[in-house]
Peer 1: 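First the structure, which I've put down as structure tokens, then a few questions once you've had a look.
If you read the sequence from its start, that first residue is 1, and numbering goes on from there. FYI, side chains are in, hydrogens and waters are out, and symmetry mates aren't considered; it's all heavy atoms of this structure. Everything numeric in this text was worked out from a predicted model, so none of it was measured.
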Amino acid sequence: MKQFLIQAMQNILEINYFGYFTPLGGYGISNLNWVKHLERQGVVVFPHSKFIPDPSSFEYSILTEEEKEILNRDFEKKRIGIIETTPFDFGTIDTEIKIASTMCESDLIGASWVGACNSMDYVVVPNEFQRSVFAKSGVDESKLKVIRSGTETERFPYFKRPVRDIYTFGIVGYMNERKGVFELIQAFCSEFERWESVRLYIKTSNKDFAYYSNFTDKRIVVDSRHLSMQDLNKIYQGFDCFVFPSKAEGIGQPPREAMSTGLPTIVTNYSGLEEICDEEYCYPIQPMELRSGENPHTIEQPGNWAYIDIQELMYTMRYVFEHPEEADEKGKKASLWIKNEHSWSRAAKNMVDFLKEL
């Protein structure tokens with residue numbers, strides 16, 4: 001028995017995890033979920049954070065007790081380390097085996113990012129699109145490993161939506177040019193007459209976008225509050241159709257969360273969104289053209305974004321609006337698919353399998 005216990009202790013996987021840990025940003029949310037779900041898989045994680053919310057802040061108040069316990073753990077240096085952020089911060093990691101978990105939002109990365117990636121032992125990317133981009137840009141293919149990221153299916157369970165007096169199209173995310181929000185506004189205002197019982201609800205974490213709450217078209221609602229995941233789930237439940245005409249995404253969590261709740265979803269079939277753009281589960285919009293020019297990060301990511309045909313977006317929004325039973329059925333299938341194939345527990349298991357190989 002003593003020998004068995006010694007062997008079991010030797011087989012416990014302990015790692016360091018470097019990065020941001022905040023529930024209000026893309027990388028932060030991803031980092032929190034990786035450490036939490038790796039722990040649930042039996043891995044002991046010692047986080048090294050570049051940012052942890054202040055205990056008196058709203059951000060800290062919406063952390064779960066499970067997340068707080070992990071983040072407040074005393075740091076112990078381990079042999080294997082993972083860092084999830086942009087390549088600019090890869091110098092933070094100082095373990096023997098260095099694993100970078102990263103992504104980009106165009107179809108090419110710059111020389112400084114390539115160099116940072118090649119300084120790592122392994123580079124984990126969340127989908128095949130990213131693997132192709134990093135390899136094409138010059139990252140050593142032998143270092144690249146695809147491990148799909150997860151979706152918080154526990155916090156965004158299936159919800160059967162009732163028939164409502166006002167049909168709501170919605171979008172969630174950090175609203176800017178890349179998210180395609182202005183194309184969405186144009187499509188909504190062009191397709192739907194003022195007398196129709198529809199509205200467009202824009203939920204953004206970008207406080208600068210709050211300026212647009214003064215739209216003269218009062219059918220458009222802008223919500224820039226910081227919300228807990230529970231409150232965000234209520235926002236999704238209030239939507240009848242989710243529209244995400246993003247020009248480029250590393251992963252694109254909002255449409256995955258929306259689909260997890262059974263929400264009929266319209267989404268651009270490009271970049272990190274390609275892996276969820278299955279017509280059985282959503283309504284894909286095909287890119288009309290790929291071009292650069294509006295990407296503010298052209299040094300780090302000098303590649304292309306996708307631009308859609310607004311007429312196609314208008315048509316698809318009208319189609320979903322007029323075929324609610326078909327859309328609801330597609331949403332129900334999507335919820336089950338996301339739960340089975342894109343959950344964080346599945347992502348963590350795949351990461352553990354990779355770590356055990358090391």
Peer 1: Going through the checks in order, is the side-chain contact (heavy atoms from CB on, under 4.5 Å) test met by Tyr212 and Ile220?
Peer 2: CA-CA 9 Å; Tyr212 292 100; Ile220 302 175; over 6 Å; no
Peer 1: Would a line drawn from the ring center of Tyr201 to the ring center of Phe169 be shorter than 6.0 Å?
Peer 2: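 Between Phe169 and Tyr201, which both carry aromatic rings, the centre distance is not below 6.0 Å.
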Peer 1: So which atom in Val320 and which in Pro264 form the shortest heavy-atom distance, rounded to 0.1 Å?
Peer 2: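 Shortest heavy-atom contact: CG1-CB, 4.3 Å.
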Peer 1: Using the rule side chain to side chain contact (heavy atoms under 4.5 Å, CB included), only one of Glu65, Arg73, Glu66 pairs with Glu69; which is it?
Peer 2: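 Passing option: Arg73.
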Peer 1: Run Thr102 and Glu84 through side-chain hydrogen bond (donor to acceptor under 3.5 Å, both in side chains) and show every step you take.
Peer 2: CA-CA 6 Å; Thr102 192; Glu84 178 163 2; over 6 Å; no
Peer 1: In terms of hydrophobic clusters joined by side-chain contacts under 4.5 Å, are Met229 and Ile251 together?
Peer 2: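 No: no chain of side-chain contacts under 4.5 Å links Met229 to Ile251.
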Peer 1: Could you go through Ile109 and Phe134, starting from their C-alpha distance and side-chain angles, then the distance that decides it, and tell me whether this counts as side-chain contact (heavy atoms from CB on, under 4.5 Å)?
Peer 2: CA-CA 7 Å; Ile109 61 173; Phe134 278 66; 3.7 Å; yes
Peer 1: Please tell me whether Tyr27 and Phe21 form a close aromatic pair, meaning their ring centres lie under 6.0 Å apart.
Peer 2: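 Judged by ring-centre distance (under 6.0 Å), Tyr27 and Phe21 do not meet the cut-off.
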Peer 1: Considering non-hydrogen atoms only, spot the tightest contact between Leu71 and Leu63 and give its length.
Peer 2: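 In this case the closest contact between Leu71 and Leu63 is CD1-CD1, 4.1 Å.
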Peer 1: Would you compute the distance between atom CG of Asn127 and atom CD of Glu275 and round it to the nearest 0.5 angstrom?
Peer 2: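 These two atoms lie 5.0 Å from each other.
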Peer 1: With hydrophobic residues grouped by side-chain heavy-atom distances under 4.5 Å, do Ile99 and Tyr17 end up in a single group?
Peer 2: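 Yes; tracing contacts between hydrophobic side chains, which count when under 4.5 Å, links both residues.
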Peer 1: Would Lys78 and Glu96 pass as an ion pair if we require N to O under 4.0 Å?
Peer 2: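 Not counted as a salt bridge, because no side-chain N and carboxylate O are separated by less than 4.0 Å.
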Peer 1: Which heavy atom of Ser224 sits nearest a heavy atom of Lys207, and at what distance?
Peer 2: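 Closest approach of Ser224 to Lys207, heavy atoms only: O-NZ, 2.8 Å.
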Peer 1: Can any side-chain N or O of Asn31 pair as donor or acceptor with the backbone N or O of Tyr20 at less than 3.5 Å?
Peer 2: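 Checked: pair present.
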Peer 1: Does any part of the side chain of Val352, heavy atoms only, come nearer than 4.5 Å to the side chain of Lys349, both counted from C-beta?
Peer 2: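 Heavy-atom side-chain distance check fails, nothing below 4.5 Å.
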Peer 1: Hey, does the side chain of Ser137 reach the backbone of Val133 with a donor-acceptor pair shorter than 3.5 angstrom?
Peer 2: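 It does hold such a pair.
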Peer 1: For the pair Arg131 and Glu141, find out whether any cationic side-chain nitrogen is under 4.0 Å from an anionic carboxylate oxygen.
Peer 2: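 So Arg131 pairs with Glu141 through a salt bridge.
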Peer 1: Can you confirm whether Leu263 sits close enough to Met259 that some side-chain heavy atom of one is under 4.5 Å from a side-chain heavy atom of the other?
Peer 2: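 Counting from C-beta outward, Leu263 and Met259 never come under 4.5 Å.
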Peer 1: Ignoring hydrogens, what is the shortest heavy-atom contact between Tyr158 and Gly262? Give both atom names and the distance.
Peer 2: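 Closest heavy-atom pair between Tyr158 and Gly262: CD1-CA, 3.8 Å.
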Peer 1: Any ion pair linking Asp240 and Arg164 (charged N to carboxylate O, less than 4.0 Å)?
Peer 2: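 Salt bridge present between Arg164 and Asp240.
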Peer 1: Before giving the answer on side-chain contact (heavy atoms from CB on, under 4.5 Å), spell out for Asn16 and Ile93 the whole-Å C-alpha distance, their side-chain angles and the decisive distance to 0.1 Å.
Peer 2: CA-CA 9 Å; Asn16 294 140; Ile93 192 170; over 6 Å; no
Peer 1: Has Asn72 got a side-chain atom pairing as donor or acceptor with Lys68's backbone, closer than 3.5 angstrom?
Peer 2: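 Checking the backbone N and O of Lys68 against the side chain of Asn72, a donor-acceptor pair under 3.5 Å is found.
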Peer 1: Taking it one step at a time, do Asp107 and Asn304 satisfy side-chain hydrogen bond (donor to acceptor under 3.5 Å, both in side chains)?
Peer 2: CA-CA 6 Å; Asp107 60 0; Asn304 296 305; 3.1 Å; yes
Peer 1: Just verifying a value: how many Å separate Lys333 NZ and Glu280 CD, rounded to the nearest 0.5 Å?
Peer 2: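 Between Lys333 NZ and Glu280 CD, I get 5.0 Å after rounding to 0.5 Å.
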Peer 1: Evaluate side-chain hydrogen bond (donor to acceptor under 3.5 Å, both in side chains) for Thr153 paired with Thr151, printing each intermediate quantity in order.
Peer 2: CA-CA 6 Å; Thr153 54; Thr151 301; over 6 Å; no
Peer 1: Salt bridge or not between Arg219 and Glu196? Use side-chain N to carboxylate O under 4.0 Å.
Peer 2: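 Looking at Arg219 and Glu196, the cut-off is not met.
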Peer 1: Cut-off 3.5 Å, side chains only: do Arg161 and Thr261 have a donor facing an acceptor?
Peer 2: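 Result is yes, a qualifying pair exists.
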Peer 1: For Phe58, is the CZ atom crowded, meaning more than 12 foreign heavy atoms sit under 6.0 Å from it?
Peer 2: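 Counting neighbours around CZ of Phe58, more than 12 heavy atoms of other residues, nucleotides or ligands fall under 6.0 Å, so yes.
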Peer 1: Looking at the rings of Phe159 and Tyr236, which for Trp means the six-membered one, are their centres under 6.0 Å apart?
Peer 2: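 Phe159 vs Tyr236: aromatic centres not under 6.0 Å.
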Peer 1: What do you reckon, are the aromatic ring centroids of Phe209 and Tyr174 less than 6.0 Å apart?
Peer 2: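 For Phe209 and Tyr174, the ring centres are not under 6.0 Å apart.
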Peer 1: Mind telling me whether His323 and Tyr319 have parallel, tilted or perpendicular rings, with 30° and 60° as the class edges?
Peer 2: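 Judged by the thresholds at 30° and 60°, the geometry between Tyr319 and His323 is parallel.
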Peer 1: With rounding to the nearest 0.5 Å, note down the distance linking CG in Leu232 to NE2 in His226.
Peer 2: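 If I round to the nearest 0.5 Å, the distance is 12.5 Å.
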Peer 1: Is the side chain of Ser260 donor-acceptor paired with the backbone N or O of Phe156 at a distance under 3.5 Å, no angle test?
Peer 2: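 Checked: pair present.
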Peer 1: Would the distance check show the side chain of Lys330 and the main-chain N or O of Glu279 forming a donor-acceptor pair, the cut-off being under 3.5 Å?
Peer 2: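 Checked: pair present.
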Peer 1: With no hydrogens and no angle check, is any side-chain donor or acceptor of Trp305 less than 3.5 Å from a backbone partner on Glu105?
Peer 2: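 Such a contact is found between Trp305 side chain and Glu105 backbone.
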Peer 1: To the nearest 0.5 Å, tell me how far Glu322 CD sits from Arg318 CZ.
Peer 2: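 Result: 5.0 Å between the selected atoms.
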Peer 1: Are the side chain of Asn176 and the backbone N or O of Lys179 linked by a donor-acceptor pair below 3.5 Å?
Peer 2: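 Yes, Asn176 side chain to Lys179 backbone: donor-acceptor pair under 3.5 Å.
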Peer 1: Measure across Met351 and Ile147 and return the closest heavy-atom pair with its distance rounded to 0.1 Å.
Peer 2: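 Smallest heavy-atom distance, with atoms named: SD-CD1, 3.7 Å.
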Peer 1: Any side-chain to backbone donor/acceptor pair from Thr92 onto Asp89? Under 3.5 Å, distance only.
Peer 2: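 Here the side-chain-to-backbone pair exists.
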Peer 1: Would a line drawn from the ring center of Phe18 to the ring center of Phe90 be shorter than 6.0 Å?
Peer 2: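 So the answer is no for these two rings.
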Peer 1: Can a donor-acceptor pair be found, under 3.5 Å and without considering hydrogens, that links the side chain of Asn118 to the backbone of Gly138?
Peer 2: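 A pair under 3.5 Å: yes.
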Peer 1: Between Lys247 and Glu183 (salt bridge meaning N to carboxylate O under 4.0 Å), is one present in this structure?
Peer 2: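 Answer for the salt bridge query: yes.
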Peer 1: What closest approach, in Å, do Gly150 and Ala347 show between heavy atoms, and which atom pair accounts for it?
Peer 2: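 Scanning both residues completely, I find the closest heavy atoms to be N-CB, 3.9 Å.
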Peer 1: Are Arg178 and Glu249 within salt-bridge range, i.e. N to O under 4.0 Å?
Peer 2: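 Here Arg178 pairs with Glu249 in a salt bridge, since their nearest N and O are under 4.0 Å apart.
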Peer 1: Looking at SG of Cys104 and CZ of Phe129, how far apart are the two atoms once the value is rounded to the nearest 0.5 Å?
Peer 2: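 So the SG of Cys104 and the CZ of Phe129 are separated by 6.5 Å.
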Peer 1: Indicate yes or no: does Lys332 engage Asp328 in a salt bridge with an N to O separation below 4.0 Å.
Peer 2: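 Salt bridge absent between Lys332 and Asp328.
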Peer 1: Answer whether the closest heavy-atom distance between the side chains of Leu290 and Tyr270 falls below 4.5 Å.
Peer 2: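 Side chain of Leu290 against side chain of Tyr270, heavy atoms only: contact under 4.5 Å found.
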Peer 1: Could you state the interatomic distance from CD (Glu67) to CD (Glu39), rounded to the nearest 0.5 Å?
Peer 2: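 Answer rounded to 0.5 Å: 11.5 Å.
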Peer 1: Under the criterion side-chain hydrogen bond (donor to acceptor under 3.5 Å, both in side chains), I'd like the reasoning laid out for Ser142 against Asp140: C-alpha separation, chi angles, the key distance, then a yes or no.
Peer 2: CA-CA 5 Å; Ser142 68; Asp140 185 344; 2.8 Å; yes
Peer 1: Any heavy-atom pair between the side chains of Glu177 and Val181 that's under 4.5 Å?
Peer 2: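 No. Closest side-chain heavy atoms not under 4.5 Å.
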Peer 1: Report the C-alpha distance between Gln311 and Met314 in whole Å, list the side-chain angles of each, state the deciding distance to 0.1 Å, and finish with yes or no for side-chain contact (heavy atoms from CB on, under 4.5 Å).
Peer 2: CA-CA 5 Å; Gln311 295 285 338; Met314 291 165 58; 4.3 Å; yes
Peer 1: With a 4.5 Å limit on heavy-atom distance, are the side chains of Lys143 and Met120 in contact?
Peer 2: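 No - every pair of side-chain heavy atoms lies 4.5 Å or more apart.
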Peer 1: Would you say the ring centers of Tyr167 and Phe321 fall short of 6.0 Å from each other?
Peer 2: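 Between Phe321 and Tyr167, which both carry aromatic rings, the centre distance is below 6.0 Å.
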Peer 1: Between the main-chain N or O of Ala187 and the side-chain N or O of Ser190, is there a donor-acceptor pair closer than 3.5 Å?
Peer 2: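 Checking the backbone N and O of Ala187 against the side chain of Ser190, no donor-acceptor pair under 3.5 Å is found.
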Peer 1: Report yes or no: do Trp344 and Glu152 form a side-chain donor-acceptor pair below 3.5 Å?
Peer 2: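 Distance-only check fails for Trp344 and Glu152.
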